[in-house]
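Structure first, commentary second.
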Amino acid sequence: WDMFVLAFFERLFRPTYRKDDFVLGKKLGEGAFGVVYKATFAKSKASSKQGDLVLKKATEYGAVEIWMNERVRRACASSCADFVYGFLESSAKGKGSGEYWLVWRFEGEETLAELIQSKEFPYNVETKILGEVQDLPKGLERENKIIQTIMRQVLFALDGLHSTGIVHRDMKPQNVIFSEGSRTFKIIDLGAATDLRVGINYIPKEFLLDPRYSAPEQYIMSTQTPSAPSAPVATALSPVLWQMNLPDRFDMYSVGLIFLQMAFPPLRSDNGLIQFNRQLKRCGYDMAAWRSTVEPRASPELRKGFELLDLDGGIGWELLTSMVRFKAGQRTSAKAALAHPYFRGEGLLGLSFMQ
Ligand code: ADP
Ligand code: MG
């Protein structure tokens with residue numbers, strides 16, 4: 001009930017917007033379920049409202065995405081891009097069901113996908129998140145420190161979602177944005193997300209999932225719970241179901257692949273990742289087996305990944321292999337990953353990096 005009371009008062013006191021309050025700018029992206037534009041507030045609102053916005057025009061799934069964003073804003077706002085407003089823009093003359101408009105603050109120009117594609121990665125991220133001071137020579141240790149910081153920020157944001165009961169289901173570098181304002185990475189795109197505590201979007205839309213980053217189980221909770229219970233039932237049952245099926249571990253697999261791509265330069269390209277997925281499948285999703293097949297004939301660039309993860313007694317490799325596992329129940333959680341020794345050295349050895 002708290003949630004609904006809170007939502008009611010928010011509705012009363014927060015500004016509401018409609019179509020004419022926004023001016024669309026350049027197109028940022030286009031998917032199967034919507035188009036994303038850069039935007040600003042229209043002149044009429046400009047006196048008080050400023051700053052760049054992002055506006056998504058979505059199909060029927062927009063309703064769920066608005067719901068997820070509202071929930072995130074109340075429960076774990078810092079995890080995701082700052083949500084401004086969402087509404088249904090009914091179509092003219094009642095043809096069709098109209099489209100959902102979702103508006104966020106424009107967080108920054110670059111997602112992690114663009115950043116890892118740069119030859120400079122991870123140094124192109126260094127000053128963004130660690131400030132100007134570098135006390136290490138360029139090399140593996142310094143790269144590891146930057147990747148550690150990115151991983152910590154992504155896991156922190158994801159832990160916020162999971163603690164709220166939300167599984168993202170589309171974790172990938174394209175959906176991790178660098179926020180210029182907070183100088184941290186945030187999660188975007190709750191279009192495929194599911195909230196198990198309230199039963200929203202309970203039946204997984206497998207076709208939404210990106211096969212490059214999806215865990216092998218593909219969709220979550222399908223076998224034990226073939227149909228969605230009505231919302232009140234789901235509320236009562238879901239903490240149990242959450243424990244039983246560990247649906248959050250679906251995201252952990254995807255985040256493991258993001259970690260993998262950051263560590264191994266050849267796996268940052270689409271083709272590299274697709275090839276890795278094929279190899280891992282052939283190895284029965286056993287990272288140790290994958291390592292023993294590719295390491296002996298690894299290119300220097302691939303070997304770099306192993307060397308980076310082997311630093312400090314191999315704690316990076318240990319963390320990676322605790323995320324990329326076939327069985328969801330054997331994967332670490334976001335919260336446990338944040339407490340992993342991989343992140344322990346970060347603040348101590350790198351004091352000069354801290355802000
Ligand atoms: P899609 O469903 O098309 O994947 P996303 O929500 O992922 O939609 O947005 C598409 C792209 O728009 C993102 O990859 C990112 O480049 C950009 N984008 C989305 N939200 C923001 C934001 N709040 N700030 C800046 N850029 C954003
Ligand atoms: Mg996206």
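Residue numbers count from 1 along this sequence. First listed ligand is number 1; within each ligand, the first listed atom is number 1.
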Indicate, as side chain, backbone, both or neither, the part of Arg105 found under 4.0 angstrom from ligand 1 when only non-hydrogen atoms are considered. backbone
Looking only at heavy atoms, is any part of Glu107 under 4.0 Å from ligand 1, and if so is it the side chain, the backbone, or both, or is it neither? both
Any protein heavy atom under 4.0 Å from atom 27 (C) of ligand 1? yes
Report the part of Phe106 (side chain from C-beta onward, or backbone N, CA, C, O) that has a heavy atom under 4.0 Å from ligand 1; answer both or neither where that applies. both
Verify whether one side chain among Tyr100 and Glu60 offers a donor that lies under 3.5 Å from an acceptor in the other. no
What is the nearest protein non-hydrogen atom to atom 1 (P) of ligand 1, stated with its residue, atom name and distance? Asp189 OD2, 3.5 Å
Looking at atom 16 (O) of ligand 1, what's its closest protein heavy atom, distance included? Thr111 CG2, 3.5 Å
Restricting to non-hydrogen atoms, name the atom on Leu302 and the atom on Pro266 that form the minimum distance, rounded to 0.1 Å. N-CG, 3.7 Å
Should you measure from each heavy atom of Trp104, which atoms of ligand 1 turn up under 4.0 Å away? 23 (N)
Atom indices of ligand 1 within 4.0 angstrom of Gln174 heavy atoms, with elements: 14 (O)
How many degrees, to 10°, between Asp189 OD2 and Asn175 OD1 as seen from the Mg ion (ligand 2)? 90°
If the test is ring-ring contact (aromatic ring centres under 6.0 Å, His included), which one of Phe264, Phe326, Tyr285 qualifies with Trp290? Phe264
Where ligand 1 meets Asn175 - atom numbers and elements under 4.0 angstrom, heavy-atom basis: 7 (O)
Heavy-atom side-chain contact between Asp159 and Leu338 under 4.5 Å: yes
Looking only at protein heavy atoms, which one is nearest to atom 10 (C) of ligand 1, and what is the separation? Val36 CG2, 3.8 Å
What about the rings of Phe259 and Tyr342, do their centers lie closer together than 6.0 Å? yes
Just to check, does Ala81 reach to within less than 4.0 Å of ligand 1 when the distance is taken from its heavy atoms? yes
Centroid-centroid distance, Tyr17 to Phe87, less than 6.0 Å: no
For residues Leu115 and Ile150: do they belong to one hydrophobic cluster (side chain heavy atoms under 4.5 Å, members Ile, Leu, Val, Met, Phe, Trp, Tyr)? yes
So if I apply the salt bridge (charged side-chain N to carboxylate O under 4.0 Å, His left out) rule between Glu217 and each of Lys327, Arg331, Arg249, which one comes out positive? Arg331
Of all the atoms in ligand 1, which lie at a distance below 4.0 Å from a heavy atom belonging to Ile177? 24 (N), 25 (C), 26 (N), 27 (C)
For the residue pair Gln261 and Tyr213, establish whether any side-chain heavy-atom pair is separated by less than 4.5 Å. yes
Cation-pi between Lys186 and Phe178: NZ/CZ under 6.0 Å from ring centre and within 45° of the ring axis? no
Which protein non-hydrogen atom lies closest to atom 6 (O) of ligand 1, naming both residue and atom, and how far is it? Lys56 NZ, 3.1 Å
Nearest non-hydrogen protein atom, atom 21 (C) of ligand 1: Val54 CG2, 3.6 Å
Counting only heavy atoms, tell me which of Leu28, Val84, Ile188, Asp82 gets closest to atom 13 (C) of ligand 1. Ile188
Tell me, do Phe22 and Leu53 make a side-chain contact under 4.5 Å, heavy atoms counted? yes
So, does Gly108 sit close enough to ligand 1 that a heavy atom of it is under 4.0 Å from the ligand? yes
